[in-house]
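Both ligands and their constituent atoms are indexed starting at 1 by order of listing. All heavy atoms count here, side chains included; hydrogens, waters and symmetry mates do not. This structure is a prediction, so every number in the text was calculated from the model and none was measured.
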Amino acid sequence: MTFRVEGVGKRYGSRTGTHWVLRDVDLEIGDGEIVTLVGPSGCGKSTLLAIVAGLTASDEGRVLRDGSPVTGPGPDRAVVFQSASLLPWRTAEGNVAYGMQLQRRESRQSIRARATAALRLVGLEQYGSYYPGQLSGGMQQRVNLARALAAEPALLLMDEPFGALDALTKERMQQELLRIVEPSGQAVLFITHDISEAVFLGDRVLVMGRSPGSVREVVEVPFARPRALEVQEDGTFQRLRHHIRRVLEDLEEDARGGARYGDHPLSGSTPGSVTR
Ligand SMILES: Nc1ncnc2c1ncn2[C@@H]1O[C@H](COP(=O)(O)OP(=O)(O)OP(=O)(O)O)[C@@H](O)[C@H]1O
Ligand SMILES: [Mg+2]
């Protein structure tokens, strides 16, 4: 399944007039691809994710799934937010099963089997009967991921899912994510503030700028997946990281200086080709 975002724009009205949060956003996520998204706070990353999820309507452009417009949420897409927000009165398994139970499309038995399988994927098969309060933050976030995986979506939409985790747990979750999506061929759109995380996980890193938010640069990541943590010590990895940092800093400087994106020396550059 291929997801395409074409010319998407989103505006919000306020007392001072209309404000375009997103403008001319284009991106494509193919089967099994991981696309990561970095950009300054407030540039519209979560808004874009919500539009792809079908939770928010765009004011311009469209989202296509295999060529057909996406008009609302669907089982082909699942969202994972930063906070696990599990139901405290339901067990881990009960939380994973909850969405499927609401949809009432399957028997209790088959829902149970799917929930167990999803918990196994995230390494929590022993913890199905635990309540969220009995699980660590990292384990809760795994249950959250299992909840999204249970529906076997073609596209996982992840909004800073590991942002609240400690460094080691975060690394483990990153590797698990790569391990989990590899055989399933699931595609991922992953928002993060962490440039290393963006490069480590992504086949492509999209760098967004703000006012209005749009994709200003696409950086291809040449490493095969799944990746070992050691890849982060590779010279190419370091160069990509520095390059993305530089682009973000330049974009922010421009935003502060009031210059328009079109005036920027990086504009019009071939994606990933900027060398300095
Ligand atoms: N319902 C809304 N009404 C008005 N403005 C909104 C609404 N939702 C979001 N915005 C505005 O849209 C802009 C983008 O918000 P969004 O949450 O998408 O940013 P973000 O890139 O995810 O930021 P962060 O990195 O801090 O999570 C912000 O300026 C925000 O104030
Ligand atoms: Mg956000």
Near the Mg ion (ligand 2), which protein N/O/S atoms are found at less than 2.8 Å?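 As for protein N, O or S atoms lying under 2.8 Å from the Mg ion (ligand 2), they are S46 OG.
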Donor-acceptor pair, [X] side chain versus [Y] backbone, under 3.5 Å?
X    : Y    : value
N95  : R90  : yes
E171 : D166 : no
Q186 : E152 : no

Under 4.0 Å between a Lys/Arg side-chain N and an Asp/Glu carboxylate O for R11 and E60? no
Is the ring centre of F190 less than 6.0 Å from the ring centre of F200? no
M139 side chain near Q134 side chain, heavy-atom distance below 4.5 Å: no
For [X] and [Y], test the side chains for any donor-to-acceptor distance below 3.5 angstrom and give the result as yes or no.
X    : Y    : result
T236 : D234 : yes
R172 : Q175 : no
D159 : S46  : yes

Exactly which residues line ligand 1, taking a heavy atom under 4.0 Å from it as the test?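 Contacting ligand 1 under 4.0 Å are Y12, V21, P40, S41, G42, C43, G44, K45, S46, T47, E160, H193.
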